[in-house]
J.: 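Quick one: the structure is below, questions incoming.
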Amino acid sequence: MTTVSHADIPHAGPDGSTPSGTAPKTDSRAASATRRTALLGAMFLMATSAIGPGFITQTATFTVQMGAAFAFAILVSILIDIAVQMNVWRVIGVSGMRAQELANSVLPGLGWVLAALVFLGGMVFNIGNIAGTGLGANAMLGVDPLIGGAVSALIALLIFLSKRAGVALDRIVVVLGAVMILLMLYVAITSAPPVGEALRQSVMPEEVDFFVIVTLVGGTIGGYITYAGAHRMIDSGVKGVDDVQDITRSSVASILVTGLMRALLFLAILGVVASGAVLSKDSLAASAFQAAAGDIGLRMFGIVLWAAAVTSVIGASYTSISFVTRSTTSVRTRNLLTVAFIVVCTALYLALRQAPQTLLVFAGAFNGMILPVGFAALLYVAWRRRDLLHGYRYPRWLLVMGALAWLVSVFIAVRGFVPMVTMITGA
């Protein structure tokens, strides 16, 4: 048996290279794996932050209301989401600065206004998210929703109290995201939806509703959601001009994951509606799952709802706190503040004892209304502030696409304003 001493092993220099000038293979593979995990975690954090109870409620409600014509709203919202997300991730990723820091660089104080708006939207969503974990636990295991919500919030707390909170966060959102997609695919196939009709109306809709579009955009990339993955990405160390390609791929992939989930949920419910089944107004999605796959379908709905809700609790909490702290804030301090945020949201949920479906739909519309504010600041950085982008020459085509998406976001926000006020006042 041959013994190898430490003296026989080439030592890496300060730059990580060996005396021969090549990096150790083990270190290189480990660094590559860590990078992939960080990007995958950022991508799924954004996607699962969007796929929450509000997402499920909105999709079920609008599918029942609009039928196959809802496919057009989904397609338009995905295209807008991609244009917005590519710009947001690239500006934040290349600069290595958080959205509120960039906004303050554009106009002092604007960043903190944005932070306040995002924080408020994140709190509204999080109350609904925690309520969703309770409803999911009830459908899955039959436990009291209040107990299910409290226990689920505790699980989220433990992630941020973990010594390796970042790794735990990345892994759990990826695993739960994959579980949701697989279960949704099964139910979508079981319900046998009219796919051909949905495809036709995705480009030739019989009905177009701007309030539905603004709600979908707000629920997918509005408020805190559009920044969730980008902030996680730079916190993981993936940033700078050299990482542009990875940043772009991850930004688009995160939206495609979200779009896939919405399309599968839409098709699952559309198949049930097309069959003539009558759904319960109290829980459209749950009754659709049950109609498609019986009692097992109801349990599967519980798993999907719980997974969607708990990952959204994690995403909303992480991102909301990232807006009220600085890049220099220690990881421990940020984690403790995140824990406090979850505790407050849980207390509010337990006090309210529920989160009405109207509140969840409103939260998406509200976030769509504030989307143009932060996006405008980031587009200005891309246009005029190369110093913040370390000299990076921003692609004109991407800037133009972002500007058009911003105009659309303003337009649909204005068109959605009156219905949102009507929803609040009940007029």
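Model, not experiment: these values are computed from the prediction.
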J.: Taking atom CZ of Phe160 and atom CG of Leu336, what is their separation to the nearest 0.5 Å?
T.: 11.5 Å
J.: Between Val208 and Val76, is the side chain to side chain contact (heavy atoms under 4.5 Å, CB included) condition met? List the steps.
T.: CA-CA 11 Å; Val208 177; Val76 171; over 6 Å; no
J.: May I ask you to decide if Val238's main-chain N or O and Ser236's side chain share a donor-acceptor pair within less than 3.5 Å?
T.: no
J.: Name all pairs fulfilling the salt bridge (Lys or Arg N to Asp or Glu O under 4.0 Å) condition that reach into residues 232-245, sequence neighbours left out, sorted by first residue then second.
T.: Arg35-Asp243, Arg98-Asp235, Asp170-Arg232
J.: Checking the side chain of Thr226 only, and the main-chain atoms of Val84 only, is there a donor and an acceptor separated by less than 3.5 Å?
T.: no
J.: To check you understand the geometry: which heavy-atom pair defines the closest contact between Ser105 and Arg385, and what is its length?
T.: O-NH1, 3.1 Å
J.: Compare all side-chain heavy atoms of Val310 with those of Leu176 and state whether any distance is below 4.5 angstrom.
T.: yes
J.: Taking the side chain as C-beta and beyond, is there a heavy-atom pair between Thr311 and Ile172 under 4.5 Å?
T.: no
J.: Looking only at heavy atoms, which two atoms of Leu45 and Gly315 are closest? And how far apart?
T.: CD1-CA, 3.7 Å
J.: With salt bridge (Lys or Arg N to Asp or Glu O under 4.0 Å) as the rule and sequence neighbours excluded, what pairs involving residues 301-324 come up?
T.: none
J.: Assess the residue pair Thr220 and Ile225 against the criterion (side chain to side chain contact (heavy atoms under 4.5 Å, CB included)); give the C-alpha distance rounded to whole Å, side-chain angles, the decisive distance to 0.1 Å, and a yes or no.
T.: CA-CA 7 Å; Thr220 306; Ile225 300 172; 5.9 Å; no
J.: Would you check if there is a donor-acceptor pair between the side chains of Ser251 and Thr248 at a distance under 3.5 Å?
T.: no
J.: Which residue pairs satisfy the ring-ring contact (aromatic ring centres under 6.0 Å, His included) criterion with at least one member in residues 84-116, sequence neighbours excluded?
T.: none
J.: Test your reading of the model: is there a side-chain donor-acceptor pair from Ser162 to the backbone of Arg164, 3.5 Å cut-off?
T.: yes
J.: Hey, mind stepping through Val252 and Met86 against side chain to side chain contact (heavy atoms under 4.5 Å, CB included) and telling me if it holds?
T.: CA-CA 7 Å; Val252 175; Met86 285 180 67; 3.6 Å; yes
J.: Per the salt bridge (Lys or Arg N to Asp or Glu O under 4.0 Å) rule, what does the pair list look like for residues 322-345, sequence neighbours excluded?
T.: none
J.: Could you tell me if the side chain of Leu117 sits less than 4.5 Å from the side chain of Leu120, heavy atoms only?
T.: no
J.: Given side chain to side chain contact (heavy atoms under 4.5 Å, CB included), test Ile314 with Asn129 step by step and report yes or no.
T.: CA-CA 9 Å; Ile314 294 168; Asn129 292 335; over 6 Å; no
J.: When the ring centroid of Phe62 is compared with that of Phe266, is the distance short of 6.0 Å?
T.: no
J.: Do you know the tightest heavy-atom contact between Ala316 and Ser49?
T.: N-OG, 4.5 Å
J.: Can you see which heavy atom on Val313 is nearest to which on Ala156, and at what distance?
T.: CG1-CB, 4.0 Å
J.: Taking side chain as C-beta onward, heavy atoms only, is Leu161 less than 4.5 Å from Asn335?
T.: no
J.: For His390 and Ser95, indicate whether the former's side chain and the latter's backbone hold a donor-acceptor pair under 3.5 Å.
T.: yes
J.: We want to know whether His231 and Thr319 form a side-chain donor-acceptor pair, criterion being a heavy-atom distance below 3.5 angstrom.
T.: no
J.: Establish, from distance only, whether the side-chain atoms of Asn126 and Tyr224 form a donor-acceptor pair under 3.5 Å.
T.: no
J.: Between Ser322 and Tyr227, is there a side-chain heavy-atom distance shorter than 4.5 Å?
T.: no
J.: Whether the Arg90 and Tyr392 side chains hold a donor-acceptor pair (N or O, under 3.5 Å, no angle test) is what I'd like checked.
T.: yes
J.: Sort out for me which residue in Val381, Leu379, Ile247 forms a side chain to side chain contact (heavy atoms under 4.5 Å, CB included) with Val91.
T.: Val381
J.: Kindly compute the distance separating CD1 (Ile80) from CG (Leu407), expressed to the nearest 0.5 Å.
T.: 11.0 Å
J.: Rounded at 0.5 Å granularity, tell me how far OG1 in Thr48 sits from CE in Met261.
T.: 10.5 Å
J.: Below 4.5 Å, heavy atoms only, C-beta onward: do Leu388 and Val94 meet side chain to side chain?
T.: no
J.: State, yes or no, whether a side-chain contact exists between Leu284 and Thr57 at a heavy-atom distance under 4.5 Å.
T.: no
J.: Between Ser254 and Met43 (side chain of the first, backbone of the second, donor and acceptor by atom type, cut-off under 3.5 Å), is there such a pair?
T.: no
J.: Check side-chain contact (heavy atoms from CB on, under 4.5 Å) between Leu157 and all other residues, then give those that pass, not counting sequence neighbours.
T.: Leu154, Val339, Ile342, Val343
J.: Has the side chain of Asn104 got a donor or acceptor atom that lies under 3.5 Å from a matching backbone atom of Gly109?
T.: yes
J.: For Gly271 versus Pro194, what's the shortest heavy-atom pair and its separation?
T.: CA-CD, 4.3 Å
J.: Please round to the nearest 0.5 Å and tell me the distance separating atom OG of Ser250 and atom CG of Leu39.
T.: 4.0 Å
J.: Going by the side chain to side chain contact (heavy atoms under 4.5 Å, CB included) test, name the single residue among Ile56, Ile51, Leu270 that passes it with Leu265.
T.: Ile56
J.: For a 4.5 angstrom cut-off between non-hydrogen side-chain atoms, does Gln58 reach Arg262?
T.: yes
J.: Ser191 side chain to Ala188 main-chain N or O, any donor-acceptor pair under 3.5 Å?
T.: yes
J.: Is there a donor-acceptor contact under 3.5 Å from the side chain of Trp383 to the main chain of Leu399?
T.: no
J.: For residues 63-73, which side-chain N or O atoms pair as donor and acceptor with protein atoms under 3.5 Å away, sequence neighbours left out?
T.:
| unit_1 | atom_1 | unit_2 | atom_2 | d |
| --- | --- | --- | --- | --- |
| Thr63 | OG1 | Thr59 | O | 2.6 |

J.: State the CG-CG distance between Leu398 and Asn87, to the nearest 0.5 angstrom.
T.: 4.0 Å
J.: Kindly compute the distance separating CZ (Phe301) from CE (Met184), expressed to the nearest 0.5 Å.
T.: 9.5 Å
J.: Could you pull out the closest heavy-atom pair between Gly136 and Leu305, with the gap in Å?
T.: N-CD2, 3.6 Å
